[in-house]
*Asks:* 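Quick one: structure below, then a few questions.
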Number of protein chains: 2
Amino acid sequence: MKLFLSTTVNKVDRKGRVSVPAGFRTVLAANTTPGVFVFPSFHGACIMGVGSDEMERLADGTESFAAFSPEHEDAARLIFGATHHLNWDETGRILLPAELREHAGIDDQAAFVGVGKRFEIWHPERHREARDTARQRAVETKLSIPMPGSGGAK
Amino acid sequence: MKLFLSTTVNKVDRKGRVSVPAGFRTVLAANTTPGVFVFPSFHGACIMGVGSDEMERLADGTESFAAFSPEHEDAARLIFGATHHLNWDETGRILLPAELREHAGIDDQAAFVGVGKRFEIWHPERHREARDTARQRAVETKLSIPMPGSGGAK
DNA sequence: TGGTATCTCATGGGATGGCATGGGAGTCAA
DNA sequence: TTGACTCCCATGCCATCCCATGAGATACCA
């Protein structure tokens, strides 16, 4: 299985263009539909990015829940209503919609952070802060890496 | 089953390349996806290395927890965001990302230490120190190895 | 048993191509 | 005409590829 891994900081030029890291492009290209789907994250000041297959899975997920909970109906509306489908150009660059750039507070640099089946786009400094506090929390809760057979965390 | 065993110290050249010990390569090559997955250890100044199968189990672990706890979402972000997938060249060398080299304080030499299903990469001197204190602790606490089905030791 | 051939590995360095980045020109709509 | 966006071309750095060397281990043979 292909996963989005590692963190890359790329430049956003005056036209608002950013290179999608080559490794991420490879993962995205393995999807049924080419290109990348981006939408604002609920949890933090960042942009979420997924391939078409994961996007579809997300749709299935919200759909199955929608019948039972109005919150998930809201979630579906929020996600899909704010999602953009972007294709990169010959050199691998996309144009981030201003609305998403503002949500993440991105100006001249963008950090692409792999999170397995999806990835996030952050303002580099904001990401550093978020990562540090997450790390802090992980240490405080004595979180260990959930390794199979180790009984997991906690 | 193949395991990562013994310790090998290899040179890091000016370009940042290191030979992965041939024995380790053999173990890694038995995985579904070729190459090696490396990420910084949370607990010590070293780099962790695993094959694709172990990485996938790790991914499944974080994923199953992610739905229920924000801490594990943190864990997923921390691990995947810092993980690099490296392929060795014809001669068996990989290029250690500068960010990981710094985390482990590695300059011109790297110690590959087998730890069963995974291995660690250390600055040789740091490893010697860590190993000595670990040995000390083991003697003091009368450590024994917990075996599955044996009722376990503490 | 001494010596030689061969193989595997680790290591060095030059060359090449991929990738990120910058900018110009063309197109379309407001 | 201006602004937003899309192609297209140019550039520089760095990761990777390729070739060469040397050390150590093992096998082979006289």
*Asks:* Taking 4.0 angstrom as the limit, do A:Arg128 and A:Asp132 come out as a salt bridge?
*Replies:*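 Yes.
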
*Asks:* Show the numbers, then the answer: is there a side-chain hydrogen bond (donor to acceptor under 3.5 Å, both in side chains) between A:Asn31 and A:Thr33?
*Replies:* CA-CA 5 Å; A:Asn31 281 262; A:Thr33 307; over 6 Å; no

*Asks:* Take atom NZ of A:Lys11 and atom P of D:dG12, then tell me their distance rounded to the nearest Å.
*Replies:*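 Distance, rounded to whole Å: 15 Å.
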
*Asks:* Is the phosphate of D:dT16 approached by B:Asn87 (side-chain N or O, under 4.0 Å from OP1 or OP2)?
*Replies:*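 Checking B:Asn87 against D:dT16: no side-chain N or O falls below 4.0 Å of OP1 or OP2.
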
*Asks:* Please report, rounded to the nearest Å, how far the C1' atom of C:dG26 is from the CG atom of A:Asp89.
*Replies:*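 That distance rounds to 16 Å.
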
*Asks:* Between atom CD in A:Glu90 and atom P in C:dA20, what is the gap in whole Å?
*Replies:*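 These atoms are roughly 15 Å apart.
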
*Asks:* Taking 4.0 angstrom as the limit, do B:Glu140 and B:Arg137 come out as a salt bridge?
*Replies:*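 B:Arg137 and B:Glu140: not salt-bridged.
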
*Asks:* May I have the distance from B:Leu95 (atom CG) to C:dG17 (atom P), rounded to whole angstrom?
*Replies:*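 These atoms are roughly 20 Å apart.
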
*Asks:* Remember a base hit wins even if backbone is also touched, and classify B:Val18 as base, sugar-phosphate or nothing at under 4.0 Å, heavy atoms.
*Replies:*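 The answer is nothing, as B:Val18 stays clear of every strand by at least 4.0 Å.
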
*Asks:* Looking for any heavy atom pair under 4.0 Å, which part of the strands does A:Arg14 touch: base, sugar-phosphate only, or nothing?
*Replies:*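 If one applies the 4.0 Å heavy-atom cut-off, A:Arg14 turns out to touch the sugar-phosphate alone, with no base involved.
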
*Asks:* Expressed as a whole number of angstroms, how long is the span from A:Arg17:CZ to D:dA4:C1'?
*Replies:*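 For the pair A:Arg17 CZ and D:dA4 C1', the rounded distance is 12 Å.
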
*Asks:* Roughly how many Å is it from CG in A:Asp108 to P in C:dA20, rounded to a whole number?
*Replies:*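 Rounded to the whole Å, the gap is 17 Å.
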
*Asks:* Holding to side chain to side chain contact (heavy atoms under 4.5 Å, CB included), I want the full list of residues that pass it with B:His103, two or more places apart in sequence or in another chain.
*Replies:*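 B:His103: side chain to side chain contact (heavy atoms under 4.5 Å, CB included) contacts with B:Pro40.
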
*Asks:* With nearest nucleotide decided by heavy atoms, which residue, B:Ser19 or A:Ser19, maps closer to the 5′ end of DNA chain C?
*Replies:*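 It is B:Ser19 whose nearest nucleotide is closer to the 5' end.
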
*Asks:* So, is B:Arg25 near the phosphate of C:dA10, with a side-chain N or O under 4.0 Å from OP1 or OP2?
*Replies:*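 Answer is yes, contact under 4.0 Å.
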
*Asks:* Got more than 12 heavy atoms from elsewhere within 6.0 Å of CD, A:Glu56?
*Replies:*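 Not buried by this count: 12 neighbours or fewer within 6.0 Å.
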
*Asks:* Looking across every strand, which nucleic acid part, if any, lies under 4.0 Å from A:Arg93 by heavy atom: base, sugar-phosphate, or nothing?
*Replies:*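 The residue A:Arg93 makes base contact.
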
*Asks:* Could you check how far CG of B:Asn10 sits from P of C:dG12, rounded to whole Å?
*Replies:*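 Atom CG in B:Asn10 sits about 11 Å away from atom P in C:dG12.
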
*Asks:* State whether B:Lys15 places a side-chain N or O below 4.0 Å from either non-bridging phosphate oxygen (OP1 or OP2) of D:dC14.
*Replies:*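 It does not, given that no N or O in the side chain of B:Lys15 lies less than 4.0 Å from OP1 or OP2 of D:dC14.
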
*Asks:* Once you round it to whole Å, what is the distance between C1' of C:dA20 and CH2 of A:Trp88?
*Replies:*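 In whole Å, C:dA20 C1' lies 16 Å from A:Trp88 CH2.
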
